[in-house]
Amino acid sequence: MKDNQIIIGIPGKWKDRTELIQTVASQSEGYLLAGNVFHNSDKNITFQAEIHDYEPTLKESFSYASKDAFSENALEEINGHTFTVYIIADVSNTGTVIDLIDAGAAILKAGGMAVKIETAGIAHSKEDWQHLHHSPDILSVYAILSRSSERKTIIVLSE
């Protein structure tokens with residue numbers, strides 16, 4: 001992993017990979033998931049993506065990364081996930097972070113349950129991420145990354 005990368009993971013409950021890909025195409029407002037690419041041609045946004053099968057420790061990972069802010073019901077829902085979509089961004093400025101927030105919101109619209117910033121060890125509920133998506137000002141972007149390392153935050157916020 002590069003120092004200027006941010007990786008987000010979004011678990012969801014899809015019957016199989018085909019359903020995941022079709023749901024993303026039909027519900028994510030222009031995004032397509034093809035192979036290892038997550039792309040929106042209208043917005044000219046492209047990220048690397050990975051799809052992982054069920055991960056038995058994901059519930060605990062989200063609990064820890066949320067600082068126990070997730071309800072037990074939310075954690076049980078995450079425990080029932082079938083796949084996790086990982087979106088990998090090489091970050092050079094705040095615009096890339098805002099695009100990554102948009103990409104995360106697109107997966108949430110397609111059935112994602114929550115978002116974990118893997119590179120910072122921070123988890124956000126679906127509602128919190130959607131709120132950030134609707135008001136992505138610089139302070140909100142900073143707040144979502146505030147528990148990350150200072151070095152990564154500086155890279156993210158410098159133009």
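Note that the numbering runs from 1 along the sequence shown for the chain. Every value quoted in this text rests on a predicted model; they were computed, and no experiment measured them.
Note that the CD1 atom of Ile10 and the CH2 atom of Trp129 stand 7.0 Å from one another [nearest 0.5 Å]. The CD1 atom of Ile107 sits 11.5 Å away from atom NZ of Lys126, with the distance rounded to the nearest 0.5 Å. Atom NE2 of His134 and atom CD1 of Ile101 lie 12.0 Å apart (nearest 0.5 Å). In this structure, CD1 on Ile122 lies 12.0 Å from CG on Asp128, to the nearest 0.5 angstrom. Between Asn40 atom CG and Ile45 atom CD1 the span is 5.5 Å, to the nearest 0.5 Å. Distance check, rounded to the nearest 0.5 Å: OG1 of Thr96 to CG of Asp90 gives 8.5 Å.
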For side chain to side chain contact (heavy atoms under 4.5 Å, CB included), just list the numbers for Leu58 and Thr84, CA-CA rounded to whole Å, side-chain angles, deciding distance to a tenth of an Å, and then say yes or no. CA-CA 9 Å; Leu58 204 62; Thr84 302; 3.4 Å; yes

Trace of the side chain to side chain contact (heavy atoms under 4.5 Å, CB included) decision for Phe47 with Val37: CA-CA 6 Å; Phe47 293 113; Val37 175; over 6 Å; no

Given Thr82 and Lys15, is the side chain to side chain donor-acceptor pair (under 3.5 Å) satisfied, shown in steps? CA-CA 7 Å; Thr82 53; Lys15 181 177 67 175; over 6 Å; no

Where do Ile51 and Leu20 land on the side chain to side chain contact (heavy atoms under 4.5 Å, CB included) test, with the steps shown first? CA-CA 10 Å; Ile51 301 171; Leu20 166 58; 3.7 Å; yes

Please determine whether side chain to side chain contact (heavy atoms under 4.5 Å, CB included) holds for the pair Ile8 and Leu100, giving the CA-CA distance in whole Å, both sets of side-chain angles, and the decisive distance to 0.1 Å. CA-CA 8 Å; Ile8 61 174; Leu100 183 61; 3.8 Å; yes

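In this structure, Asn44 places its CG atom where only 12 or fewer heavy-atom neighbours from other residues, nucleotides or ligands lie under 6.0 Å away.
For the side-chain contact (heavy atoms from CB on, under 4.5 Å) criterion with Ile7, the lone passing option out of Ile88, Ile117, Ile87 is Ile88.
Residue Ala114 comes nearest to Pro11 through the heavy atom pair O-CD, 3.3 Å, listed as atom of the first residue, atom of the second, then distance. For Trp14 against Gly112, the heavy-atom pair with the smallest separation is CZ2-N, 3.8 Å. For the residue pair Ala49 and Leu33, the shortest heavy atom distance occurs at CB-CD1, 3.7 Å. When every heavy atom of Val91 is checked against every heavy atom of Val97, the shortest pair comes out as CG1-CG2, 3.7 Å. In terms of heavy-atom proximity, Lys109 sits nearest to Gln27 at O-OE1, 3.1 Å. The two residues Ala65 and Lys116 come nearest to each other via the heavy atoms CB-CE, 3.8 Å.
Phe83 is linked by a ring-ring contact (aromatic ring centres under 6.0 Å, His included) to nothing, counting only residues two or more places apart in sequence or in another chain. The ring-ring contact (aromatic ring centres under 6.0 Å, His included) search around Tyr31 returns Phe38, not counting sequence neighbours. Taking Tyr54 as the reference, His81 meet the ring-ring contact (aromatic ring centres under 6.0 Å, His included) condition, with sequence neighbours excluded. Scanning for side-chain contact (heavy atoms from CB on, under 4.5 Å) contacts around Asp68 gives Ser63, with sequence neighbours left out. Among residues two or more places apart in sequence or in another chain, the ring-ring contact (aromatic ring centres under 6.0 Å, His included) test is passed with His39 by none.
Counting heavy atoms from C-beta outward, His124 and His131 have side chains that stay 4.5 Å or more apart. Taking 4.5 Å as the limit, some side-chain heavy atom of Phe70 sits within range of a side-chain heavy atom of Ile78.
Counting only residues at least two apart or on different chains, the salt bridge (charged side-chain N to carboxylate O under 4.0 Å, His left out) pairs with a member in residues 69-88 are Lys59-Glu72, Lys59-Glu76.
The pair Asp102-Lys43 meets the salt-bridge criterion, since a charged nitrogen lies less than 4.0 angstrom from a carboxylate oxygen.
Ser66 contributes a side-chain N or O that, together with a main-chain N or O of Phe62, makes up a donor-acceptor pair within less than 3.5 Å.
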